[in-house]
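Below: one structure, written as structure tokens.
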Amino acid sequence: MKTLYLIFFLFFLFACNSKQKESGRLKIDTNENDSKIISSNFDSIDWQEGFGLTHNPNKDSIWFKPVSFYLSKKECSVLAKDFYYGNLKPSDDSITDQLLKLSITNNDEQRPFYRWCLNKTILIQDGALGEHTGIPARKYAEKFPKEFFEYMDIDSSGNKYLDWVNSILYSGFYEEDDYKKPKKIAERMSSTMKSNCKNCDNKTITRIEKLVKDCFN
């Protein structure tokens with residue numbers, strides 16, 4: 001009889017543990033009124049893997065400046081700070097929208113940091129997250145065309161350019177009422193970029209036209 005009770009007890013523990021793992025997380029009760037969630041082994045992948053970060057802002061650099069340069073400014077967004085330290089993982093939500101739209105700020109000092117957040121989000125995006133990156137990517141290119149091409153040129157492989165173009169192509173015009181009229185919004189994008197590109201040479205104008213064409217393939 002004791003053996004049967006033991007078998008039943010072990011089976012009960014196994015069933016409960018399996019049920020908790022179905023969601024990819026383990027629930028650990030700390031006391032009668034309190035509990036906490038910790039990641040299980042198969043849900044603990046570092047989402048910033050490949051970013052090349054040490055999380056020491058004096059060692060890490062973004063756009064030729066130590067990260068401490070951006071973090072030390074009182075106007076630095078808490079969302080961007082949390083992103084850098086890995087405490088804010090972009091997902092299909094409004095907080096991610098708030099983070100990514102920082103990339104079009106008029107603050108010249110902080111913008112490279114916010115642009116970095118957008119670029120890294122583009123790199124790790126899946127289908128759902130990809131619906132949040134296209135609009136800020138397009139608006140950044142439209143508002144700061146010279147800066148956009150300068151940023152693209154730092155990657156001689158051209159992969160950064162393709163990543164941004166694909167992001168814009170995928171979801172960059174979702175907020176447009178006439179997004180099903182590609183010719184009309186392509187003309188609007190081209191016009192906006194050219195008007196914001198003060199004293200642009202012919203080479204840059206040609207690059208604008210190519211970018212717009214690439215975003216509508």
Side-chain angles (χ1 to χ4, degrees), residues 47-48 50-51 62-63 77 79-80 82-83 88-108 110-217:
W47 65 273
Q48 291 183 320
F51 284 16
I62 293 175
W63 201 244
S77 168
L79 295 178
D82 285 345
F83 180 94
L88 171 58
K89 180 181 179 181
S91 59
D92 185 14
D93 58 27
S94 60
I95 293 179
T96 295
D97 288 331
Q98 294 176 44
L99 169 69
L100 301 184
K101 73 179 182 181
L102 292 171
S103 60
I104 59 172
T105 179
N106 289 323
N107 187 318
D108 295 338
Q110 290 296 112
R111 192 163 58 249
F113 184 35
Y114 301 152
R115 179 183 61 194
W116 174 83
C117 295
L118 171 57
N119 182 65
K120 293 303 184 185
T121 303
I122 289 174
L123 291 181
I124 64 172
Q125 67 187 13
D126 54 14
L129 186 53
E131 295 182 358
H132 295 261
T133 62
I135 291 175
R138 189 204 87 220
K139 288 187 173 181
Y140 174 80
E142 287 181 341
K143 190 173 182 179
F144 309 104
K146 284 185 177 180
E147 194 174 285
F148 170 80
F149 290 120
E150 181 182 10
Y151 185 54
M152 295 298 109
D153 288 344
I154 198 172
D155 175 25
S156 59
S157 71
N159 290 330
K160 186 188 298 292
Y161 178 81
L162 290 176
D163 289 338
W164 279 60
V165 165
N166 287 330
S167 185
I168 297 172
L169 179 63
Y170 182 67
S171 64
F173 305 94
Y174 274 8
E175 93 281 25
E176 300 283 351
D177 292 335
D178 49 3
Y179 72 95
K180 293 184 178 180
K181 301 177 182 177
K183 183 177 180 180
K184 183 176 180 180
I185 55 178
E187 291 174 351
R188 186 183 307 159
M189 180 179 179
S190 177
S191 176
T192 301
M193 290 190 72
K194 290 175 182 177
S195 66
N196 288 329
C197 195
K198 306 302 181 183
N199 302 315
C200 280
D201 55 23
N202 291 332
K203 181 179 178 181
T204 305
I205 295 299
T206 299
R207 295 187 73 177
I208 289 175
E209 293 172 348
K210 181 181 184 303
L211 172 65
V212 174
K213 182 179 179 180
D214 289 342
C215 289
F216 287 88
N217 280 341

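Positions are given from 1 along the sequence.
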Worked check of side-chain contact (heavy atoms from CB on, under 4.5 Å) between Q48 and K89: CA-CA 9 Å; Q48 291 183 320; K89 180 181 179 181; over 6 Å; no

Once you round to the nearest 0.5 Å, how far does [atom1] of [X] lie from [atom2] of [Y]?
{"X": "K139", "Y": "L118", "atom1": "NZ", "atom2": "CG", "value": "12.5 Å"}
{"X": "M152", "Y": "W164", "atom1": "CE", "atom2": "CH2", "value": "5.0 Å"}
{"X": "I185", "Y": "K183", "atom1": "CD1", "atom2": "NZ", "value": "13.0 Å"}
{"X": "I122", "Y": "L162", "atom1": "CD1", "atom2": "CG", "value": "12.0 Å"}
{"X": "C197", "Y": "F149", "atom1": "SG", "atom2": "CZ", "value": "7.5 Å"}
{"X": "I95", "Y": "D82", "atom1": "CD1", "atom2": "CG", "value": "9.5 Å"}

Any heavy-atom pair between the side chains of [Y] and [X] that's under 4.5 Å?
{"X": "K143", "Y": "T192", "result": "no"}
{"X": "Y114", "Y": "L99", "result": "no"}
{"X": "L102", "Y": "C117", "result": "no"}
{"X": "M189", "Y": "L211", "result": "yes"}
{"X": "D92", "Y": "L129", "result": "no"}

Residue list, ring-ring contact (aromatic ring centres under 6.0 Å, His included) with F144, at least two apart or on another chain: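 With sequence neighbours excluded, F144 shows a ring-ring contact (aromatic ring centres under 6.0 Å, His included) to Y140, given in chain and number order.
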
ring-ring contact (aromatic ring centres under 6.0 Å, His included) partners for F113, two or more places apart: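 Here the qualifying residues are Y70.
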
Check ion pair R138-E142 (N to O, under 4.0 angstrom):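 Between E142 and R138 there is a salt bridge, with a charged N closer than 4.0 Å to a carboxylate O.
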
Check ion pair D163-K160 (N to O, under 4.0 angstrom):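 So D163 does not pair with K160 through a salt bridge.
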
Is a side-chain donor or acceptor of [X] paired with a backbone partner of [Y] at a separation under 3.5 angstrom?
{"X": "S103", "Y": "R115", "value": "no"}
{"X": "T206", "Y": "N202", "value": "yes"}
{"X": "S191", "Y": "R188", "value": "no"}

State, without any angle test, whether [X] and [Y] hold a side-chain donor-acceptor pair at a distance under 3.5 Å.
{"X": "Q125", "Y": "T133", "result": "yes"}
{"X": "T105", "Y": "N107", "result": "no"}
{"X": "N196", "Y": "K146", "result": "no"}

Residue among Y151, F83, W63 satisfying ring-ring contact (aromatic ring centres under 6.0 Å, His included) with W116: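 That would be F83.
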
Looking at every heavy atom in both [X] and [Y], which two are closest together, and how far apart are they?
{"X": "W47", "Y": "P90", "value": "CZ3-CD, 3.7 Å"}
{"X": "S190", "Y": "I208", "value": "O-CG2, 4.3 Å"}
{"X": "S171", "Y": "I135", "value": "O-CG1, 3.5 Å"}

Pairs satisfying salt bridge (Lys or Arg N to Asp or Glu O under 4.0 Å), at least one member in residues 201-212, at least two apart: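 Residue pairs passing salt bridge (Lys or Arg N to Asp or Glu O under 4.0 Å), neighbours aside: D153-R207, K194-E209, K210-D214.
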
Stepwise side chain to side chain donor-acceptor pair (under 3.5 Å) check, D93 with T96: CA-CA 6 Å; D93 58 27; T96 295; 2.9 Å; yes

